[in-house]
Amino acid sequence: MKNIVIVHFAPLELYPPVQNLLKELAKKEMRSSILVITTRPIDVGSNNLFAVNSKAVTIIRLGASGRKDNRLRRYMGYLYFYTACLMLLCWYRPKRILYFETLSSWPVYFFKRFLKRNTEILIHYHEYTSPMEYQDGMWLSSFFHRRERWLYSRSIWVSHTNRQRMDFFVNDIKPISIPNPQILPNYPPQSWFIMPKEKVALPMKIIYVGALSLDTMFTREFAQWVLSWQGKVIWDIYSSNYAANARQYLEGLGSEFIHFYEGVNYDQLPSLLRKYDVGVILYNGHIPNYVYNAPNKLFEYLACGLDIWFPDVLKSSLPLVTTQTYPQVVALDFKTIPKVDPENLFAREGLTLQAYPYFCEEVLQPLIHKLTEP
């Protein structure tokens, strides 16, 4: 039996792409045993933790992640995770290790470099982190990144979510080279698909799902645009990861046209999204990671038949803009959202239905094959 380990420091509950990967692995008839090493979110009970129904996949959670109240407790948590993770790697002796993001890299680097050189390494980045962000960010991340660079040319797989992010990454790490860089987009499962609506009934229902901020998103601007239509548009926000001042601002508007709700689990999203007409994206592109971003939620909205409105500063999303088909993907200047009737933005005249082609089952197969091949 070929042992495989997946290291994902951040809680799985916060990252749908890795949940989809584990679900696909659970479907596969494997001779391999897969150990997933991660943490648990501090605000989620044990009954709500992500799990897969497979005897071949075991998830071990080494402590909690997400503490913001006590620096000493946070760093004790890091020490516990990395020490215990390294011990598990020594016990499991995996043939292959897949890790996600720099914060997961330290025990993998140490194990590969000093303990088992023939272990094959796979790496995926959910996000792009620029050299300046590594330099100015958490010292632990910067320290780990300087070490993980040793792994890049010795890995059998290194991937980012889109071509622009990978191009930046390859340039950042020169003169180190990656033998075969891969692109792994974040798509939802095929089971999410629903046919889009041909027309909209007023009031138009708009949804936003995900993290919320006043500083890094066009939250104020979009709220004011919604208010300007005096009931022609209803905007519902679902978020469990929000800046306190963002929620205070929205609730302080006291508008019957804007509603704030706690976030829902990933598996509950399809039934929720299908109740809406448009999904909105709000990132204002404050760092390169967001400028060169085609967000998960763009594909999730599309899979559930919604039109998409997103800020035109998201350069990696611009190729997805539609002109002759629906559901429509529309780029808008969110700094000065045009006084366009929302019904016109949703108009279907002259457009043809385009079946949604983006699903995780297909794009994950090359990674799954590389991870599980004999």
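All values below come from the heavy atoms of this structure, side chains included, with hydrogens, waters and symmetry mates left out. No experiment lies behind these values; they were computed from the predicted model shown.
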Exercise. Can you find a heavy atom in the side chain of Leu184 that is under 4.5 Å from one in the side chain of His124?
Worked result: yes
Problem set entry | Spatial distance of atom NE2 (His126) from atom CG (Asn186) [nearest 0.5 Å] | 7.5 Å
For this session: Using a cut-off of 6.0 Å, state whether more than 12 heavy atoms not belonging to Gln365 lie near its atom CD.
Result: yes
Exercise. Would you say Ile156 and Val170 are hydrophobically clustered, going by side-chain heavy atoms of ILVMFWY under 4.5 Å?
Worked result: no
Problem set entry | From Tyr78 atom OH to Ser65 atom OG, the distance as rounded to the nearest 0.5 Å | 6.5 Å
Exercise. Between the side chains of Tyr266 and Asn20, is a donor N or O closer than 3.5 angstrom to an acceptor N or O?
Worked result: yes
Exercise. Would Tyr92 and Ser33 satisfy side chain to side chain donor-acceptor pair (under 3.5 Å), going step by step from the backbone distance to the final call?
Worked result: CA-CA 10 Å; Tyr92 212 64; Ser33 173; 2.4 Å; yes
For this session: Can you establish whether the number of heavy atoms outside Glu262 located under 6.0 Å from its atom CD is more than 12?
Result: yes
For this session: Assess the side chains of Asp236 and Tyr276: does a donor N or O sit below 3.5 Å from an acceptor N or O?
Result: yes
Exercise. Does Tyr292 belong to the same Ile/Leu/Val/Met/Phe/Trp/Tyr cluster as Val329, with side-chain heavy atoms less than 4.5 Å apart forming each link?
Worked result: no
Exercise. So how far is it from Tyr125 OH to Met166 CE, rounded to the nearest 0.5 Å?
Worked result: 9.0 Å
Problem set entry | Neighbour count above 12 (heavy atom, 6.0 Å) for Asn344 CG | yes
Problem set entry | Flag for Ser104-Glu101: side-chain donor and acceptor within less than 3.5 Å | no
For this session: For salt bridge (charged side-chain N to carboxylate O under 4.0 Å, His left out), just list the numbers for Lys232 and Glu343, CA-CA rounded to whole Å, side-chain angles, deciding distance to a tenth of an Å, and then say yes or no.
Result: CA-CA 9 Å; Lys232 203 168 188 178; Glu343 283 189 279; 3.5 Å; yes
Exercise. Are Arg220 and Phe218 in a cation-pi contact, defined as NZ or CZ under 6.0 Å from the six-membered ring centre and within 45° of the axis?
Worked result: no
For this session: Mind checking the CD-CG spacing from Glu120 to Leu98? Nearest 0.5 Å is all I need.
Result: 12.5 Å
For this session: Would you please say whether a donor-acceptor pair under 3.5 Å links the side chains of Tyr109 and Arg147?
Result: no
For this session: Please check if atom NZ in Lys197 has more than 12 non-hydrogen atoms from other residues, nucleotides or ligands closer than 6.0 Å.
Result: yes
Problem set entry | Neighbour count above 12 (heavy atom, 6.0 Å) for Lys275 NZ | no
Problem set entry | Same apolar cluster (I L V M F W Y, side chains within < 4.5 Å links), Leu103/Phe100 | no
Problem set entry | Steps toward side chain to side chain donor-acceptor pair (under 3.5 Å) verdict (Gln19, Tyr15) | CA-CA 7 Å; Gln19 294 180 37; Tyr15 290 87; over 6 Å; no
Exercise. Tyr326 and Arg348: side chain to side chain donor-acceptor pair (under 3.5 Å), yes or no, with the steps?
Worked result: CA-CA 7 Å; Tyr326 73 92; Arg348 299 290 192 237; 5.4 Å; no
